[in-house]
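Here's the structure, in structure tokens; my notes come after.
Numbering of ligands and ligand atoms starts at 1, following listing order. The structure presented is a predicted model; accordingly, all values stated were derived computationally and were not measured.
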Amino acid sequence: MADVLTELPGVGPSTAEKLIEAGYLDFMKIATSTIGELTDIEGISEKAAAKMIMAARDLCDLGFKSGVELLKQRQSVWRLSTGSKELDTVLAGGLESQSVTEFAGMYGSGKTQIMHQTCVNLQMAEKIFADLEGVVEEEMENPKAVYIDTEGTFRPERVVQMAEGAGIDGQTVLDNTFVARAYNSDMQMLFAEKIEDLIKGGNNIKLVIIDSLTSTFRNEFTGRGKLAERQQKLGRHMATLNKLADLYNCIVLVTNQVAAKPDAFFGVAEQAIGGHVVGHAATFRFFLRKSKGDKRVAKLYDSPHLPDSEAVFRITEKGIQD
Ligand code: ADP
Ligand code: MG
């Protein structure tokens with residue numbers, strides 16, 4: 001049911017129309033937006049924006065919550081298997097909804113393979129783990145994935161190969177995976193913002209993939225002089241992704257490149273691109289590296305409630321395995 005935006009203070013029919021046109025269809029979207037976002041809309045002053053946001057927050061009951069309520073919210077978190085039991089164990093059961101998980105690593109370390117595998121696993125009920133007290137069954141009915149491909153490496157035939165390896169129909173996976181090729185950061189950000197429209201159009205988007213998160217930004221904003229602008233845009237993009245994860249109980253996965261740490265004192269160190277903006281916005285952070293043959297090592301190094309640890313998995317013809 002649509003919210004009646006004119007219930008907000010200072011919002012008449014014409015402002016409501018402008019808000020809707022800009023994609024602010026309900027109180028929640030307004031409650032979680034910033035003053036800067038709303039003042040981008042013509043005719044909305046800073047003062048008016050602040051009032052609207054506060055009123056929307058009241059209506060959405062956003063504010064202090066008790067620990068008990070938060071625990072209940074945590075119960076609605078569901079998990080998706082990566083395909084590797086060992087990697088799932090490091091994640092305490094699998095990839096978590098309501099959070100952003102980052103996989104960083106060099107070329108060939110397996111980032112894109114994991115992204116393909118999760119699209120397949122989303123279509124397998126036995127790979128989804130949900131607490132039935134916290135997640136209603138319909139919520140996980142016909143789940144769909146969005147794959148924003150910025151490097152041109154999404155391969156439908158690889159998805160089919162993995163699906164067949166898991167004993168399911170590849171066509172079903174492809175039917176339930178929306179793929180968008182983003183050639184620059186503006187397209188990437190726009191696609192991410194459009195996911196909400198897909199959801200409102202009746203698509204049960206439960207998995208959002210950005211492969212890769214930083215390559216477009218890195219190509220377009222080169223040099224020190226552009227760093228601030230790059231980080232600001234990247235921060236906005238991360239906020240869009242975090243909001244999707246929270247509001248729609250989605251799993252969000254991003255891949256990231258690595259760069260040599262310029263000030264590494266002890267030999268060569270690598271770090272993920274994007275600095276604090278990405279670091280703070282990602283809930284789980286992994287480094288991937290190649291090992292012998294088809295083996296890969298995933299190291300979890302930054303999580304709010306899980307210990308740092310490593311998992312070894314393999315990339316085979318069938319996909320991600322132990
Ligand atoms: P990146 O981290 O750069 O995204 P990828 O996820 O694309 O790396 O991993 C590429 C690696 O995955 C290849 O080097 C290969 O080892 C493995 N791989 C890709 N496709 C297959 C396949 N069909 N069968 C087995 N291994 C594959
Ligand atoms: Mg890749």
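- Not a single heavy atom of Gly105 sits closer than 4.0 Å to an atom of ligand 1.
- Under a 4.0 Å criterion applied to the non-hydrogen atoms of Thr316, ligand 1 contributes the atoms 24 (N), 25 (C).
- For ligand 1, one of its N or O atoms has an N or O atom of Arg296 under 3.5 Å away.
- Distance check: Phe178 CZ to Leu207 CG gives 12.5 Å after rounding to the nearest 0.5 Å.
- Residues Asp246 and Gln98 have side chains that never bring a donor and an acceptor to within less than 3.5 angstrom of each other.
- Distances below 4.0 Å separate heavy atoms of Gly110 from the following atoms of ligand 1: 1 (P), 2 (O), 5 (P), 6 (O), 8 (O), 9 (O).
- The closest side-chain heavy-atom distance from Tyr248 to Glu196 is below 4.5 Å.
- Side chain of Asn204 to main chain of Glu141: a donor-acceptor pair is present (N/O by atom type, distance under 3.5 Å, no hydrogens or angles).
- For ligand 1, the atoms sitting less than 4.0 Å from at least one non-hydrogen atom of Met106 are 2 (O), numbered in the order shown with element in parentheses.
- Near Glu317, with a cut-off below 4.0 Å to any heavy atom, the atoms of ligand 1 are 24 (N), 25 (C).
- Ring geometry, His116 versus Tyr147: the interplanar angle exceeds 60°, so the pair is classed perpendicular (tilted spans 30 to 60°).
- Remark: distances from the non-hydrogen atoms of Met115 to ligand 1 are all 4.0 Å or more.
- Contact of the His237 side chain with the Leu213 side chain is registered, since non-hydrogen atoms from C-beta on lie closer than 4.5 Å.
- Inclusion of Ser212 in the first shell of the Mg ion (ligand 2) is not supported: no N, O or S atom falls under 2.8 Å.
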